[in-house]
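Step one of this worksheet: look at the structure below.
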There are 2 protein chains.
Amino acid sequence: MLTKQELEEFWAGAGKMYLNHISIDCVVFGFHEGQMKVLMLKSNNEEAWYLPGGFVQKQEPIENAADRILKERTGIDEIFLQQFHVFGDPDRSKVHNEMYKDMLPAEKNFFAQRFISIGYYALVDFFNVIPTPDDFSEVCTWRDLNDLPKFQLDHELIFKTALDTLRLQLNYQPIGYNLMPKEFTMPELQKLYETILDKKLDRRNFQRRMLGFGILNKLEATRKGGAHKAPYLYSFDLDNYQAALKEGLKSGW
Amino acid sequence: MLTKQELEEFWAGAGKMYLNHISIDCVVFGFHEGQMKVLMLKSNNEEAWYLPGGFVQKQEPIENAADRILKERTGIDEIFLQQFHVFGDPDRSKVHNEMYKDMLPAEKNFFAQRFISIGYYALVDFFNVIPTPDDFSEVCTWRDLNDLPKFQLDHELIFKTALDTLRLQLNYQPIGYNLMPKEFTMPELQKLYETILDKKLDRRNFQRRMLGFGILNKLEATRKGGAHKAPYLYSFDLDNYQAALKEGLKSGW
DNA sequence: TACAATTGTGTACCAATTACACCATGTGTT
DNA sequence: AACACATGGTGTAATTGGTACACAATTGTA
């Protein structure tokens, strides 16, 4: 162990040695009636697109930072937000570093610094969102999952990891409270799952399994208007939903 | 979007505004013959114990930082290491801040800064480890899971989150390659699972399920020496093991 | 040689998942 | 009004997976 004198010196030096930039990158998945999109931004100066993100302020819990950043990009609060991975390769910002190297003196080149990025993903109904560009972009818009642009930095890795994580978590977590209207039909909920997983599910088995989780209330009313038999309406049982979020939907060993 | 002038000013300011300290805290679970322990450290000046940890250097990938820190504390490389959560509450270091407040001038009080900590957990055979104190501790030793000391800061939360995550991941990930000898018997492997989960498993069902994963090779030889029927020896099929690590052991929807 | 402890293997049972059949309901066509 | 058609609601058989337990085999020891 160090002496008190050495300790003080260590702390004084460490204050500079170990400082890093911490950013949040957020994969915002938008859903509406069987469509699934990602929110992306782009500057006119560059070809590549990037994910909504920002920096964590010194006295700010990271959850708050993620909420704040998302509110700025989408206009909405209380989004379903899930932290999923930290991306910390020092080469992450190499591209930017190269780009600004000639424009800016070294001590002002922010991207010569090291970045660590905390990855979050968010689920929203994209009809509730007003995409708003940030200080480094002119364009902020929804991109279809089947028509993705070129990504900046390691944002493609972040996006793919988010999608994989989301699909995995579908097995253990309830989903949809922020994505469905207050009252919805079973086929509508099934469509959400099919969209995320990108595959067809059997409607009868889906229904039974979903009801088995005990997070839905069956309502009296039915959804009229379609050219077919009117399906029953459901709403989420919020208590059970919250409980399932915490404890998961399946047990293990 | 900002003008070039504004951008330069932003970067110059941001360089100071958003710098944070990033540390790694690592829950090292040690196993041997049915025992499970955690590696912990303690300074003579304080009562509370803390987890192995350290700071991420500017030009260092975080995975490397975790490896480096663990090598310093345990003497071993190539440990099974899993990132599981980021702890970023600004109040995390409050206790230390209070403690050093009177000892150190504010600008030298490292703990007045914000800390963000990336949580990892590691699995090792504790007979392979030489616990080595760091610069802030005199004691570095294994603590039994049933006899845990008082924790510093939010290290109890980190520890509990790690244990929960480990138990959850047992359902989806193979485990044991770094913890078992090259050749081992089924009861020995079962003991590892029982130790982690802290419950008894049925040996016949365990065997069938384990073999079903296809990550084990049954060997000709048996383990002689016990006062009972000699069990068969197994080894891990490394190819299948690695594949299962990536793809998981179960499928979902 | 009998016994205790432990391992190897099989099987009956229950729960969950999958696949599919059949009926009900609302709309448009004739 | 009769009918086809698309879709939703419900039931059920077949399959799979997990749990509980029975019984035979092996090894060292009394």
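- A straight line from OH of B:Y234 to P of C:dT7 spans 12 Å, rounded to a whole angstrom.
- For the salt bridge (charged side-chain N to carboxylate O under 4.0 Å, His left out) test, residues two or more places apart in sequence or in another chain that qualify with A:K160 are A:E156.
- Whole-Å rounding puts the A:M210 CE to C:dT17 P distance at 13 Å.
- The distance between atom CZ of B:F213 and atom P of D:dG17, rounded to the nearest whole Å, is 11 Å.
- We find that CZ of A:F206 is positioned 17 Å from C1' of C:dA16, with the value rounded to whole Å.
- Counting to the nearest Å, the P atom of C:dT18 and the CG atom of A:L201 are 9 Å from each other.
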Query - Annotated protein contacts, base or backbone, on nucleotides 21-30 of chain D with a non-hydrogen cut-off under 4.0 Å, one of B, S, - each - result: BB--BBBS--
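- Residue B:L211 contributes atom CG, which lies 15 Å from atom P of D:dG17 at whole-angstrom precision.
- Residues passing the side chain to side chain contact (heavy atoms under 4.5 Å, CB included) test with A:N64 are A:E60, A:P61, sequence neighbours excluded.
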Between side-chain atoms of residues 212-219 of chain B and protein atoms elsewhere (two or more places apart, or another chain), which donor-acceptor pairs fall under 3.5 Å?
none

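- The phosphate of D:dT10 has OP1 or OP2 within less than 4.0 Å of a side-chain N or O from A:K218.
- Remark: A:H85 pairs with no residue by the side chain to side chain donor-acceptor pair (under 3.5 Å) rule, at least two apart or across chains.
- For the pair B:Y193 OH and D:dG18 P, the interatomic distance rounds to 13 Å; values are reported in whole Å.
- By the 30° and 60° cut-offs, the orientation of the rings of B:Y177 relative to B:F236 is perpendicular.
- Considering only residues two or more places apart in sequence or on other chains, B:R203 meets the salt bridge (charged side-chain N to carboxylate O under 4.0 Å, His left out) condition with none of them.
- Of the candidate nucleotides C:dT9, D:dG8, D:dG9, C:dT9 has the atom lying nearest to any side-chain atom of B:Q207.
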